[in-house]
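Below, read A as the first sequence line, B as the second, and so on, with proteins coming before strands; counting in each chain starts at 1.
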Amino acid sequence: MTPLDHKLLRDLWRVKGQAIAIAVVIALGVLMLVMMDGLINSLTETKRTYYERYRFAEVFAPVKRAPEHLLDNIAKIPGVAAVAGRINAGALINLPGIAVPVRAQAVSLPDFVPPRLNDLYLAAGRRLDPARPDEILLLEGFAKVHGLSPGDKLSATMSGAKRTFQIVGLAQAPEFLYSTPPGELMPDDARFAVIWMGEHSLAAAYDLKGAFNEALLTLTRDARLPEVLDQLDRMLASYGGLGAYGVDDHFSDRFVSEEIKGLAMSSKGVPPIFLGVAAFLLYIVISRMVESEREQIGLLKAFGYSNGEVGVHYFKFIMAIAISGALLGCLLGVLAGRSLSSVYQEYYKFPLLVFQVDPAAFLTGVAVSVLAASVGGVFVLRKVFALTPATAMRPPAPADYSRSVGIGKTLKAVLDQPSRIVVRGLIRQPGRALAAVVGISAGMALSVAMISLMSGFDRVLDMNFGVIERSDVTVSFVEPLLDKTVYELQRMEGVIEVEPFRSVSATLRHGLYTYRGGISGLVAEPRLNRAVDDQMQAIYVRADGIILAKSLADILHIQPGETLTVEVREGRRPVLQVPVVGVAQALLGAPTYMQIGTLNQALKEQNRVSGAYLRIDSARSAAIYHKLKDMPAVAGVSLREESRAAFKKVMDTGAGAIRYVMAAIAGIITFGIVYNSARITFAERSRDLASLRVIGLTTGETGFILLGELGIITLLALPLGSLLGYYLSMAVSVAFSTDLYSIPAIFVPESYGVAALAVLGASAISGWLVKRDVDRLDLVSALKTRE
Amino acid sequence: MPHLIDKTLPAFRTQGVTKVYGTGASTVHALRGVDVDIPAGELVVLLGASGSGKSTLLNILGGLDRATDGVVHFFADDLTAMSDRELTLYRRHHVGFVFQFYNLMPSLTAYENVELVTEIADNPLEPAEALALVGLEQRLDHFPAQMSGGEQQRVAIARAIAKRPTILFCDEPTGALDSHTGRAVLRVLQDVNRELGTTVLIITHAAATAKMADRVIDFADGGIREVVVNTTKLSAEDIQW
Ligand SMILES: Nc1ncnc2c1ncn2[C@@H]1O[C@H](COP(=O)(O)OP(=O)(O)OP(=O)(O)O)[C@@H](O)[C@H]1O
Ligand SMILES: [Mg+2]
């Protein structure tokens with residue numbers, strides 16, 4: 001080993017505390033990148049594998065009733081690879097002790113063979129015995145919530161007839177990853193059920209013998225989806241086809257994909273910010289470290305070491321820190337990504353997990369660290385190399401002092417000796433102070449953005465359920481009813497306010513952009529479910545057009561004044577041309593609003609309502625549920641508290657959950673940056689401080705000088721950090737918004753306060769740690785080294 | 001860079017060397033036109049008041065700094081015309097330094113500090129051998145912080161002579177030493193000069209040291225006041241402190 005390598009190892013050992021602190025910060029930046037990448041990659045791959053293994057269909061064609069032989073014709077459509085027909089019908093599950101029956105989907109399974117498409121994953125129990133018509137498989141999530149297991153009995157109502165079934169197994173399937181109760185947006189295991197039954201007995205229950213009401217297709221590689229859908233629709237039209245759609249419009253797939261997309265968006269937007277902040281710190285710290293080696297660089301050059309040799313030596317030093325940090329980040333990123341993936345695996349109910357990280361994430365992480373560190377090093381080395389060895393070996397000459405003579409006099413008048421030293425130190429090396437300020441600001445900005453994001457999520461819920469949706473109960477009817485039903489609801493004791501709504505599912509089109517969603521028909525001045533503008537002010541629902549959620553308007557690339565094509569997917573299935581008259585700020589989902597009368601008129605179904613929003617007297621809620629449940633027309637009752645809880649759960653366990661991890665990492669990085677600044681300031685100043693001690697300053701006074709410098713730097717960083725944090729939180733909220741929920745880019749004053757406190761706290765702790773070193777400063781060796 | 005060492009030329013010949021530090025009001029004229037010849041193989045002592053420019057001249061001769069004006073020849077080569085790269089090679093192959101402030105690497109042991117130089121030299125002494133020459137064979141593994149000022153200075157000398165330099169520059173090598181150790185150090189320098197034929201330049205404040213020199217250059221106010229060539233030299237042991 002050459003003496004330079006000895007020096008390298010010993011120097012690393014000497015600065016180990018700081019080297020570790022830097023390595024940890026860069027490691028966290030890299031961790032974030034690798035973790036998020038691993039997570040996205042794994043979810044995407046897992047989903048793909050799951051779909052593939054259980055033969056998830058690519059096209060779905062619901063129909064009222066089509067004869068089985070039609071499947072042969074469908075198979076002949078060019079581009080179709082496989083076809084299966086099945087029965088998929090609505091049922092109600094009656095659970096003992098639960099007032100509201102749960103709406104369920106009953107899905108048929110072929111009696112003797114496994115399903116050709118849309119197979120299921122048997123989580124417990126066994127498959128159906130074709131000889132026993134009362135056997136069912138139950139969706140695992142639902143069974144778990146209600147404590148049902150194979151062997152239990154289950155009472156369900158199918159086309160009006162109540163039957164008792166035997167649960168023989170629990171299952172999951174790619175098509176039910178995202179289990180939202182019908183007509184709702186958020187998944188709720190408790191209120192979403194799927195029953196799988198033998199084809200024969202299900203056909204008997206729904207009078208569909210020899211027929212199917214849903215065709216499932218997979219396509220060949222070269223198939224053209226729109227053409228297949230077109231042909232399919234034409235073929236099924238006379239059988240009551242309800243509009244074929246591709247997997248991208250499949251409810252479950254769309255939401256899972258949307259959530260993964262949301263994660264992917266935030267993983268594209270956020271880790272680079274973390275990595276950027278960490279890299280910036282690395283740059284600053286490395287350049288300060290190399291700067292402090294300037295005399296030794298001069299000495300090496302005096303001996304005849306060339307710039308190249310000296311450069312390589314310091315490059316190794318820098319790389320030892322940067323690369324070990326990056327590798328640590330990769331390792332931790334994989335570990336964190338893996339455990340996070342398994343959390344998500346459970347959340348999405350994937351029965352399997354494929355964990356993999358794109359090697360590009362590792363490379364990017366390492367490359368960014370290496371680059372930031374090298375730039376920091378090269379920058380300083382070039383500066384030092386430009387000096388003659390004789391100059392480099394002397395401590396840097398104080399900057400021209402004459403400039404500060406005036407300031408000096410003023411300082412003298414107002415400050416005592418140690419304070420003057422602090423202020424001079426800052427003025428004398430403004431570049432160094434600026435770097436420290438910017439470094440800490442970047443750390444603070446990260447915390448501001450993450451805390452804003454955290455409160456943003458809570459704010460979404462508060463605003464949505466406080467300002468937009470203000471009903472206590474949402475009642476939905478089995479089918480659109482005449483609006484006199486509303487009066488019936490109104491007459492119920494304890495019901496304070498009733499507001500009818502009409503909802504239809506529709507495909508919205510604007511040019512090339514389409515969206516499968518629905519339209520809500522509201523009263524002109526709704527009070528219980530309102531459309532609001534970006535100031536959270538209620539919007540009057542005009543009679544002459546449609547109002548779109550901002551996120552939807554963006555998806556469809558449409559603006560007020562333009563015309564939207566609405567293909568209604570119910571009833572007479574009219575195609576409407578509706579002018580867009582407004583844009584609403586929606587926080588959850590992507591709703592569209594029309595005046596209920598206008599909507600009914602367009603549908604040529606006057607005075608129909610799909611349900612109603614209710615405000616009720618909470619003291620009577622139990623009695624009201626009971627009554628609602630007994631109304632035959634009522635298909636579903638959802639309570640505000642339940643939906644709110646469901647939303648909260650999605651945000652806390654879905655894509656939003658990552659915000660906790662990010663906030664924690666942001667906190668650690670911020671601390672790391674502040675601590676690093678303190679350490680490096682101490683390293684740069686230890687000789688000066690020792691000299692001051694020698695000439696008689698107390699540890700208290702020297703401590704004050706160092707901490708005073710830190711304190712001023714920290715205070716200067718607070719406003720800059722707030723400013724950077726503001727822009728960063730705007731960027732982050734965009735990155736975190738999905739189709740499911742949009743995090744408004746709101747200014748949350750608390751987050752600035754909290755972040756400022758965090759920075760101050762971190763400074764206090766770092767200051768305390770460094771102050772201990774000041775007290776322990778070994779005067780003799782501090783003065784002896786380096787001369 | 002294979003320098004052509006023509007022993008008929010002086011090791012150094014300077015013409016009108018000036019050095020100005022700073023600009024404007026804070027200008028310092030450290031050297032105000034130095035013309036001197038330093039013959040190869042001699043032991044030369046530089047005397048002069050503090051601040052008179054001795055270290056500055058040494059730095060320029062040693063290729064650590066550049067003159068503001070004037071010409072410096074090292075044998076046939078013009079140091080003032082050399083690129084940074086050439087100066088680096090010049091220092092690497094020909095020059096040994098003992099600095100006024102010892103300038104040891106704090107994170108390296110005595111042995112490694114010497115090794116730092118022998119590592120890149122052509123025909124160096126063993127580091128242990130060099131340290132034995134200055135009487136530090138027992139302290140090979142000590143760090144600078146564990147040694148006294150005099151011991152650090154001796155490590156610095158061992159480091160300078162270990163590469164068998166063509167020229168050895170010593171900036172107050174005995175400043176921090178007691179008379180006994182000081183004599184031992186001077187003895188080493190004298191041996192290097194005599195036995196290896198190394199040209200040695202010593203800056204000192206101890207006028208007595210001048211008695212062992214072939215030539216004494218007296219410095220004052222950035223220029224040479226007087227050059228005295230000794231006809232009789234004392235041996236290092238006989239110098240009265
Ligand atoms: N980097 C510098 N910037 C400005 N002035 C300098 C610099 N280096 C040296 N000087 C000035 O140049 C003059 C000569 O300095 P030099 O170090 O050569 O003196 P010296 O003769 O070696 O003194 P001493 O015996 O005290 O070491 C001094 O006045 C000194 O203040
Ligand atoms: Mg000097």
Nearest 0.5 Å, what's the [atom1]-[atom2] distance between [X] and [Y]?
| X | Y | atom1 | atom2 | answer |
| --- | --- | --- | --- | --- |
| B/R66 | A/T391 | CZ | OG1 | 11.0 Å |
| B/E115 | A/M1 | CD | CE | 9.5 Å |
| A/F303 | B/R159 | CZ | CZ | 3.0 Å |
| B/L108 | A/D11 | CG | CG | 7.5 Å |
| B/E119 | A/E309 | CD | CD | 9.0 Å |
| B/N113 | A/H6 | CG | NE2 | 12.0 Å |

When you compare the side chain of A/L4 with that of B/L116, does any pair of heavy atoms fall below 4.5 Å? yes

Heavy-atom side-chain contact between A/K301 and B/D84 under 4.5 Å: no

Okay, B/F169 and chain A: the region with an atom under 4.5 Å from a heavy atom over there is neither

Is chain A contacted by the side chain of B/S55, its backbone, both, or neither, given a heavy-atom distance below 4.5 Å? neither

Determine whether more than 12 heavy atoms belonging to other residues, nucleotides or ligands lie under 6.0 Å from atom [atom1] of [X].
| X | atom1 | answer |
| --- | --- | --- |
| A/F379 | CZ | no |
| B/R13 | CZ | no |
| A/R382 | CZ | no |

Shortest non-hydrogen contact between [X] and [Y], atoms and distance:
| X | Y | value |
| --- | --- | --- |
| B/F99 | A/L299 | CE1-CD1, 3.5 Å |
| A/S306 | B/R92 | N-NH2, 3.7 Å |
| B/L64 | A/A302 | CD2-CB, 3.2 Å |
| A/K7 | B/S107 | CG-OG, 3.7 Å |
| A/Q296 | B/M105 | OE1-SD, 2.8 Å |
| A/A390 | B/N59 | CB-ND2, 3.8 Å |

